[in-house]
J.: 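What follows is a single structure, and I will ask about it in a moment.
Bear in mind that the values here come from a model prediction, so they are computed numbers and not experimental data.
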Amino acid sequence: MSPRRIENGGRVDRLRTIRFTFDGVTYTGHAGDTLASALLANGVTLFGRSFKYHRPRGVLTAGVEEPNALVTVLRGEVREPNIAATMVEIYDGLTAVSQNRFPSLAWDVSAANQLGGKLLSAGFYYKTFMGPVIGPLKGTRFWMFCEHFIRRAAGLGRAGTAADTSRYERMNAFCDVLVVGSGPAGLMAAKAAAEQGARVILTELEPRFGGSANWSGETIDGMPADDWAARVAGQLEGNDNVRLLPRTTVWGYYDGNTLAALERVSDHKESLAKGEPRHRYWAIRARTVVLATGSFERPLVFPGNDRPGVMLAHAAERYANEYGVLPGERIALFTNNDSAYRSALALRKAGAAIVAIVDVRSGLSDEMRRLATEAEAEMLSGHAVVATEGGKALSGLKVQRFDMLSGALTGDARSIHADCLLMSGGWSPTIHLASQAGAKAEWNPARQAFLPPKPTQRWIGAGAFTGSFSTAEAIAEGRTAGVAAAGGTDAPTALPDVEAAPGEPDPAPVFEIKAAGKSFVDFQHDVTAEDVRLAHREGFISVEHLKRYTTLGMATDQGKSSNVPGLAIMAEALGKPIPEVGTTRFRPPYTAVSIGSLAAERFGDLKPERLTPMHDWHIANGARMYSAGLWYRPMIYGLAGETVEQAYVREAKATRDSAGIVDVSTLGKIAVQGPDAAEFLDRVYTNMFSTLAVGKARYGLMLREDGLAFDDGTTWRLGEQDFLMTTTTANAGKVMQHLEYFLDVIWPELKVTVTSVTDEWAGAAIGGPKARAILATCVTGTAVDNATLPFMGIVRGQIAGVPVMICRLSFSGEMAFEVYSGAGYGTHVWEALIEAGKPSGLVTYGLEALGTMRIEKGHVTGAEIDGRTTARDLHLDWMLSKKKPFIGSAMMDREGLITPDRLQLVGLVSLDNRPFNGGAHIVEELDEANPRDSIGHITACCYSPALGKHIALALVKGGKARHGTRAFVSDPLRNRFGPIEIVSNHFYDPDGSRMHG
């Protein structure tokens, strides 16, 4: 038997012994233990070192809020740092190591930081490393010198570099009622909702349903509370309309009652079953949510409150009642409320000696005095703990008489021998999800805690979450919440009887005992009470500024236990009540979320790979592929020994001489349909579309609401109420969101549907002088002559027996046609076009040649439509209709958008016959030693086979007025300087004669 393991009691399986290692030492525990409970059972008190001072730290809590006992879990070469030992379920072969220490946990050289005293107080890095003048290290240079060492010292655990081989899954779930938390309130809510016939999901972050019932020692319905909870959970499991999710943390509450959850499927297992995921990410959409998330016990702030052996009272009670472990043999308690007395009695029954109960309150109820007597504890009312003693473990404490009203300490300090000190500073409802859902928490002076805000979404609270801390209240509120969430009527019914220790829930308004020594508020980030007061003295009086200056609440525990004491100390310094100081808003995630679970089935990929229907053909025919946004597209179709430049020059020249074909399946394609489709497009585009004839296409430009250019493309009118919009490849998603926003929010009265059909169509653009002749040899069912298929005309026919839609439009400046077919027939049509083009010398070309021809023609893309340019900047003002309003029309004529010195689109020609680089600056006077006075920058560049020159498109101040003038390119990063000529952006065929035939 382990030295601290109780012979009987708890819910661990003493017949199953589990072996694990911590810092290389082998220990044993039992099935049902956490790493924290198993180490405590083995007499381990030292779990880690603190962030800044490297002070020895033991376990503080028994749950998810643990700030001290953080470990790294090893699975082979994979490391997972900063895991709370209280949340690690032990299994055979578990390997865990402590963090933030060198060379060992017991002997850490960085513990010398404790000698730094006030030099290492809040904000010391700003004041110490940003300004001193030490020889040549002046100002920020000193910081740059120190930064390397500071970064090496920062952080707690060390992230691993080995690839994570685990599987992860994502799930979407829908339910009538989502119950978060399975304590007595959550169980009753789920049971009541299920009885109403609602589809219920019950989530619990612990392995076992029941919450506080598993360790409270109370009696419910004549049986131990943990047995009652197991019985109710078993009943729920048998219902077809209930899904139970243990080991599942709901970590985010988003709009539309959408909640995010993480299920730890196999972290507790030695080995995984075939195909079993490690974590499962749940996106749950609920009609109504019941929040029964309970509450956290708060620590008290006093000197030495961080020493190993000091922990929260309820945590010790839980270790004894649920895990059968005593956190100490001689235990003292320090409290400002009644709940600690129940803990004292529970620990005494488990076999510990309760040496003293120190209570800041002088007037105690007879019931509390009776509980103290039952616990055989010395009662020290009107006293406070003023110091603790010991090194890597607690050996004693000092107490002194305390006046709760004035905060004054009087009389001599008295020493008490104890190896464990339990503290209880009141309870804070776990309102994180309610805060994420919207609205501001409300301070309750009786509970000395922030209670949940008024709901802004469909949620109902129950139990300790609402400040109702008794089990009887939790059960009653849970049932009422469950019935209401299911839409039923709460008929009178008999509720389970509860036998519980007496006690009032309201604590005394005492958060700190001011005495000599470091008193910690945020244990993980080593924030002391004096740090909070220092922040006040230095002017950081906003709660948000306090948080960032001191890092209070910014550690992995997110201030779950430290926020309220920190706010209370700041409120006292300000001379204001706590609600006027306010609280920071809780943000998701509630606890850390594995990145693997967010990626899930896409694990291993930074982003999805989108492949066109002709992708395999491109690979088989020598295409060199690269990522263009989310798509993989051919860059070139290189011949043996060709460079990239040689390949694209050949492809572009062949296209202009005869014909070329390019895969354009990636263009965004959106079906815009409905009686008001034409009106909608008139509002979306700057030019008219309601006048467009059926069977014709038109080039369109979209602006943002602020008047800046957003996207361009062609839209085809396939029927009176049927349009096919094409967008740039990169902007397809953004344009779809843009359209949906205006239909859903701004113009909901319009009868229009928009559907993304990008993946439904395969597209091939064939262009060049011989393009029409090639089409004529393989298209059936329609003619493709100029009369039948004029510029921007649309026809339908067949190619190799496949229905196709053909539109005559050009991006290359040559006569060109876009051929669309169903995606499943894309390769078949592509191969038929290539076969038909062989006698004419048809070439396939990639993005490099496509870009070259578009630069020669002066067409704009995302490089020029960069979120800062207007239609006038791009010489597209001819598309701005004067007959109608459109998105952006109200803002496009603002003074700043029509000044003559704005950056405008121009062409550049290299006068030294050297290549350009994208992003290089344009200057009027060249100064290589001190580059300055940029008048613009290059957006796209290439070698032009049509002109035999290096050319570029650029945005230059007052660009149009500079045509025919000289300037210089200035690119100091790539050492490229030289003369240029500024010309029109239309380098090639400016009158469009080749395109129109």
J.: In terms of relative ring orientation, are Tyr319 and Tyr323 parallel, tilted or perpendicular, with 30° and 60° separating the classes?
T.: tilted
J.: For the side chain of Ser365 and the backbone of Met368, is there at least one donor-acceptor N/O pair under 3.5 Å apart?
T.: yes
J.: Using every non-hydrogen atom in the two residues, find where Ala320 and Leu326 come nearest and quote the distance to one decimal.
T.: CB-CD2, 4.5 Å
J.: Salt-bridge test for Glu169 and Arg280: reply yes if a basic N is under 4.0 Å from a carboxylate O, no otherwise.
T.: yes
J.: Is there a side-chain contact between His30 and Ile18, using heavy atoms and a 4.5 Å cut-off?
T.: no
J.: Measure from the side-chain N and O atoms of Thr34 to the backbone N and O of Ser37, and report whether any donor-acceptor pair falls under 3.5 Å.
T.: yes
J.: For residues 187-220, pull every pair meeting ring pair (Phe, Tyr, Trp, His ring centres under 6.0 Å), keeping only residues two or more places apart or in separate chains.
T.: Trp215-His314
J.: Within the distance-only criterion (no hydrogens, no angle test), does the side chain of Ser470 pair as donor or acceptor with the backbone N or O of Glu473 below 3.5 angstrom?
T.: yes
J.: Please tell me if the side chains of Trp282 and Leu259 come closer than 4.5 Å, counting only heavy atoms from C-beta onward.
T.: no
J.: Just checking Tyr590 against His432, ring centres under 6.0 Å apart?
T.: yes
J.: Contact between Arg199 and Val242 at the side-chain level, heavy atoms closer than 4.5 Å - yes or no?
T.: no
J.: Is the closest basic N to carboxylate O distance between Lys269 and Glu276 below 4.0 Å?
T.: yes
J.: Are any side-chain N or O atoms of Asn257 and backbone N or O atoms of Arg285, one a donor and one an acceptor, separated by less than 3.5 Å?
T.: no
J.: Heavy atoms only: give me the nearest Ser216-Asn321 pair and the separation to one decimal.
T.: C-ND2, 4.1 Å
J.: Identify whether the distance between the nearest side-chain nitrogen and carboxylate oxygen of Asp33 and Arg5 falls below 4.0 Å.
T.: yes
J.: Please determine whether ring pair (Phe, Tyr, Trp, His ring centres under 6.0 Å) holds for the pair Tyr91 and His268, giving the CA-CA distance in whole Å, both sets of side-chain angles, and the decisive distance to 0.1 Å.
T.: CA-CA 6 Å; Tyr91 53 85; His268 60 292; 8.4 Å; no
J.: Under 4.5 Å between any side-chain heavy atoms of Gln436 and Tyr254, yes or no?
T.: no
J.: Quick check: does any side chain N or O of Thr480 sit under 3.5 Å from a backbone N or O of Ala476, one acting as donor and the other as acceptor?
T.: yes
J.: What's the spacing between Arg170 CZ and Leu598 CG if we round to 0.5 Å?
T.: 9.5 Å
J.: Apply salt bridge (charged side-chain N to carboxylate O under 4.0 Å, His left out) to residues Glu442 and Lys454 and explain how you reach the verdict.
T.: CA-CA 9 Å; Glu442 299 178 355; Lys454 292 181 175 59; 3.0 Å; yes
J.: So, for Thr430 and Thr293, which heavy atoms are closest and what is the spacing to 0.1 Å?
T.: O-OG1, 2.7 Å
J.: Tell me if a side-chain donor or acceptor on Ser182 pairs with a main-chain N or O of Gly210 at a distance below 3.5 Å.
T.: yes
J.: Under a 3.5 Å cutoff, is there a donor and acceptor pairing between the side chains of Asp164 and Tyr168?
T.: yes
J.: Side chains of Ser266 and Arg278: donor-acceptor distance under 3.5 Å anywhere?
T.: no
J.: Just by distance, no angles: are the side chains of Ser424 and Asn337 close enough, under 3.5 Å, to form a donor-acceptor pair?
T.: yes
J.: Side chain of Asp522, backbone of His525: donor and acceptor closer than 3.5 Å?
T.: yes
J.: Taking side chain as C-beta onward, heavy atoms only, is Ile201 less than 4.5 Å from Phe174?
T.: no
J.: Looking at every heavy atom in both Gln235 and Lys191, which two are closest together, and how far apart are they?
T.: OE1-CE, 3.6 Å
J.: Using salt bridge (Lys or Arg N to Asp or Glu O under 4.0 Å) as the criterion, point out the one residue from Arg342, Lys349, Arg348 that pairs with Glu317.
T.: Arg342
J.: Please report the interatomic distance CG(Leu60) to CG(Asn68), rounded to the nearest 0.5 Å.
T.: 5.5 Å
J.: Once you round to the nearest 0.5 Å, how far does OG1 of Thr72 lie from CG of Asn82?
T.: 6.5 Å
J.: Just checking, is any N or O donor in the side chain of Arg298 or Ser562 under 3.5 Å from an acceptor N or O on the other one?
T.: no
J.: Quick one: do Asp267 and Arg247 satisfy salt bridge (charged side-chain N to carboxylate O under 4.0 Å, His left out)? Show the steps, please.
T.: CA-CA 10 Å; Asp267 278 351; Arg247 298 184 178 91; over 6 Å; no
J.: Go through the steps for Thr86 and Val64 under the test side-chain contact (heavy atoms from CB on, under 4.5 Å), then give the verdict.
T.: CA-CA 7 Å; Thr86 53; Val64 70; over 6 Å; no
J.: In terms of side-chain geometry, is the basic nitrogen of Glu65 or Lys560 positioned less than 4.0 Å from the acidic oxygen of its partner?
T.: no
J.: Measure the shortest side-chain to side-chain distance between Cys175 and Ile284 over non-hydrogen atoms and say whether it is less than 4.5 angstrom.
T.: yes
J.: Could you pull out the closest heavy-atom pair between Pro299 and Ser561, with the gap in Å?
T.: CD-O, 3.3 Å
J.: Calculate, to the nearest 0.5 Å, the distance between atoms CZ and CG belonging to Phe511 and Asn336 respectively.
T.: 7.5 Å
J.: So, Gln524 side chain and Pro67 main chain: donor-acceptor pair closer than 3.5 Å or not?
T.: yes
J.: Could you go through Gln448 and Trp443, starting from their C-alpha distance and side-chain angles, then the distance that decides it, and tell me whether this counts as side-chain contact (heavy atoms from CB on, under 4.5 Å)?
T.: CA-CA 7 Å; Gln448 289 290 293; Trp443 178 256; 3.9 Å; yes
J.: With the threshold set at 4.0 Å, does a side-chain nitrogen-carboxylate oxygen contact exist between Asp226 and Arg208?
T.: no
J.: Using 4.0 Å as the upper bound for N to carboxylate O, is an ion pair formed by Glu263 and Arg243?
T.: no
J.: Would you mind reporting whether Met171 and Tyr281 have side-chain heavy atoms less than 4.5 Å apart?
T.: no
J.: Take Leu40 and Phe47 through the side-chain contact (heavy atoms from CB on, under 4.5 Å) test and state the conclusion after the steps.
T.: CA-CA 10 Å; Leu40 284 173; Phe47 281 72; 4.3 Å; yes
J.: How long is the gap from CG on Asp497 to CH2 on Trp228, to the nearest 0.5 Å?
T.: 12.0 Å
J.: I need the Leu205 CG to Thr248 OG1 distance, nearest 0.5 Å.
T.: 9.0 Å
J.: If you take all heavy atoms of Ile220 and Ala225, which pair is closest and at what distance?
T.: CD1-CB, 3.8 Å
J.: Can you confirm whether Trp459 sits close enough to Pro452 that some side-chain heavy atom of one is under 4.5 Å from a side-chain heavy atom of the other?
T.: yes
J.: Take a 6.0 Å sphere around CG of Asp240 and say whether it holds more than 12 heavy atoms from other residues, nucleotides or ligands.
T.: no
J.: Given 3.5 Å as the limit, does a donor-acceptor pair link the side chain of Glu66 with the main chain of Thr61, or not?
T.: yes
J.: side-chain contact (heavy atoms from CB on, under 4.5 Å) between Leu245 and Leu202: does it pass, once the steps are laid out?
T.: CA-CA 6 Å; Leu245 293 177; Leu202 174 63; over 6 Å; no
J.: Checking the side chain of Asn241 only, and the main-chain atoms of Ala198 only, is there a donor and an acceptor separated by less than 3.5 Å?
T.: yes
J.: The test is side-chain hydrogen bond (donor to acceptor under 3.5 Å, both in side chains); show your working for Ser339 and Trp427 and say whether it passes.
T.: CA-CA 9 Å; Ser339 67; Trp427 296 80; 3.1 Å; yes
